[in-house]
Undergrad: 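First, the structure itself, so that you have it in front of you.
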Amino acid sequence: MPDAEERSEGEGPFDRLIIRGVNMIDGTGSPLSGPVDIVIEGNRIASIQTVGWPGVPINENRRPEVGEEDKVIEAEGMYVLPGFFDMHAHTGGSSQGTWPEYVYKLWLAHGITTVREPGSGNGLQWTVRHKERSENNEITAPRKFAYITFGRGHDGPITTPEQARSWVRMIHEQGADGIKFFGARPDIFEAALDEANQLGLGSMAHHAQTRVVYANVLDTARMGLQGMTHWYGLPEALFTDRVIQDYPLDYNYMNEQHRFEEAGRLWKQAAEPGSERWYEVMDELLEFDFEINPTFTIYEASRDLMRGRRAEWHERYTIPSLWDFFQPDRRAHGSYWFDWGTEQEVAWKENYRLWMQFINEYKNRGGTVTVGSDAGFIYKLYGFAYIRELELLREAGFHPLEVFRSASLSAAEVLGVDHELGTIEVGKLADLILVEENPLKNMKVLYGTGAVRVDENNRPVRVGSIKYTIKDGIIYDAKQLLEDVEKMVRQVKEEDNYRITQPGLDY
Ligand SMILES: [Zn+2]
């Protein structure tokens, strides 16, 4: 994995930056309010002043004074939100052929100012170095939290609780923020979690089907796990008439059509919504204040393959090696389209309905739900996939204000940085998103490709796409970042005379 270039993008931070006349969605769940003038000194929000009422000229007397040296963004009619947290975000690597600048710019262009990187696939040292360089704003990148895969860097597999504990101490010393588990033998898992919790390390698990019989979500939550990503392990906790998923007898986990097709039938094997078991499990997870990071978006092609495959941004923003990686292939992870048809998609639609109902009820009853994309697999492109996840939470039943709270404040709480980030409040760091359209009314305005609208001349035009992403008081021109990405993609394509085509077709 190449390193990232020294930062050449972004303006600031400024002694004083004033965002004037903007409509504010502060991330707490409070309704939109504006117009306000937001004063940022260096990298911190110094004041937020209401300067009038909607529909009438701004009351100039209420405005903070603008000094000659001050940087001003005239943002009347615009909307400001706290920077987004992608709580399941991979920088990618050799299998996708991605490089940091490409991924970081797609993230920032979609308002993502913080990522939690589960697995930290390019290694802990690499990830911690990028975390530090981003913290110092030496590179154009979101803030990073490194959740290293359990056992990575250990000499051979971890086979005793003592080894688990010393491995946890080692990664803590090396600067990890947390651990990502796929499952482990219960005594080892428990020891690792106990050590992690004592040291204040975060923890999350993808309850892999190969280990879920050892411990489902309820078991791991009881052991002290802080949160789950994806959804495996949750239906298993809800089983009432089996302990193991109803695998067909010719199932092979390494055949990804088997793996993902049967996963699409899993929620149907769990206790029904509203049943006694449904609430028993939910109640206990609520007691633990357990984080659920569903990543609806990454499975979406399972219920609508053509939607994922034909997304309008691929032509312009998906690099050839990533497009190739997405194609049906028995050897690539997440490319399980060997014989994927109507039956599989219909089963997955039902799977989503049940899964979404659990997540929405969990949120309604006070549970912590965060937003993650897992982009870089299954036709999901960095940044774009995150905005789609916001839409899918909306589909699950979240009010848009609840979606944006999940995208910022809930994540900041999980990472233990809510005193610094996650909302637009005086004293907090200035990580902000500015967009010219109301994202509460239509989240599609947050996509880099914007939303379609017909103008006064009856012509379709694009509106929105984020205008500025501000991180640590530094203003990034989001549209320029996207143009940079477009240029990178064009260059690679020209070198290889490459064209995106559909599987099995030459066009
Ligand atoms: Zn992942």
Side-chain angles (χ1 to χ4, degrees), residues 1 84-98 100 102-104 106-107 110 112 114-124 126-127 130-131 142 144-152 176-184 202-212 217 220 225-234 253-254 256 259-260 263 291-302 308 318 322 325-326 329 332-336 355 359 369-390 392-393 407 411 414-415:
M1 189 68 160
F84 295 144
F85 289 65
D86 191 335
M87 293 290 274
H88 192 137
H90 303 286
T91 314
S94 51
S95 33
Q96 288 96 342
T98 52
Y102 170 74
V103 177
Y104 292 164
L106 281 170
W107 279 339
H110 288 89
I112 296 161
T114 304
V115 299
R116 175 172 67 181
E117 186 156 5
S120 301
N122 297 304
L124 184 53
W126 186 94
T127 310
H130 278 228
K131 173 197 169 87
K144 278 201 167 197
F145 286 81
Y147 276 46
I148 185 92
T149 298
F150 179 62
R152 195 185 162 116
D177 297 291
I179 307 167
K180 183 197 189 185
F181 292 92
F182 286 95
S203 58
M204 66 193 290
H206 163 175
H207 295 78
Q209 283 155 305
T210 51
R211 286 288 171 275
V212 73
V217 171
T220 54
L225 181 73
Q226 291 173 5
M228 65 179 293
T229 189
H230 306 317
W231 56 287
Y232 313 102
L234 188 49
Y253 185 71
M254 290 308 290
E256 287 210 352
R259 178 171 159 188
F260 286 93
E291 175 208 1
I292 302 186
N293 176 241
T295 69
F296 291 125
T297 185
I298 197 61
Y299 300 95
E300 198 184 16
S302 304
T318 302
L322 184 57
F325 178 71
F326 289 152
D329 186 338
H333 175 48
S335 304
Y336 43 92
W355 177 20
I359 300 300
V369 178
T370 57
V371 184
S373 71
D374 202 9
F377 301 94
I378 322 185
Y379 290 112
K380 287 295 178 172
L381 185 57
Y382 309 95
F384 290 93
Y386 186 86
I387 306 305
R388 183 59 187 154
E389 182 69 4
L390 301 177
L392 289 167
L393 285 160
V414 166
L415 295 172

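Counting convention: from 1, in listed order, for ligands and their atoms alike. If you're wondering where the values come from, they're calculated on a predicted model, not measured in any experiment.
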Undergrad: Please determine which of Arg116, Met228, His206 meets the side chain to side chain contact (heavy atoms under 4.5 Å, CB included) test together with Asn293.
TA: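 Result: among Arg116, Met228, His206, Arg116 is the only option passing the side chain to side chain contact (heavy atoms under 4.5 Å, CB included) with Asn293.
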Undergrad: What are the two closest heavy atoms between Leu381 and Leu322, and how far apart are they?
TA: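 Where Leu381 meets Leu322 most closely, the heavy atoms are CD1-CD2, 3.7 Å.
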Undergrad: Does His130 use its side chain to pair, donor to acceptor, with the backbone of Trp126 at less than 3.5 Å?
TA: no
Undergrad: Can you name the residues that form a ring pair (Phe, Tyr, Trp, His ring centres under 6.0 Å) with Tyr336, not counting sequence neighbours?
TA: Phe260, Trp340
Undergrad: Is a side-chain donor or acceptor of Asn122 paired with a backbone partner of Gly92 at a separation under 3.5 angstrom?
TA: yes
Undergrad: For the Zn ion (ligand 1), check which protein N, O or S atoms are under 2.8 Å away and list them.
TA: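 As for protein N, O or S atoms lying under 2.8 Å from the Zn ion (ligand 1), they are His88 NE2, His90 NE2, Asp374 OD1.
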Undergrad: May I ask you to decide if Ser373's main-chain N or O and Asp86's side chain share a donor-acceptor pair within less than 3.5 Å?
TA: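 Checked: pair present.
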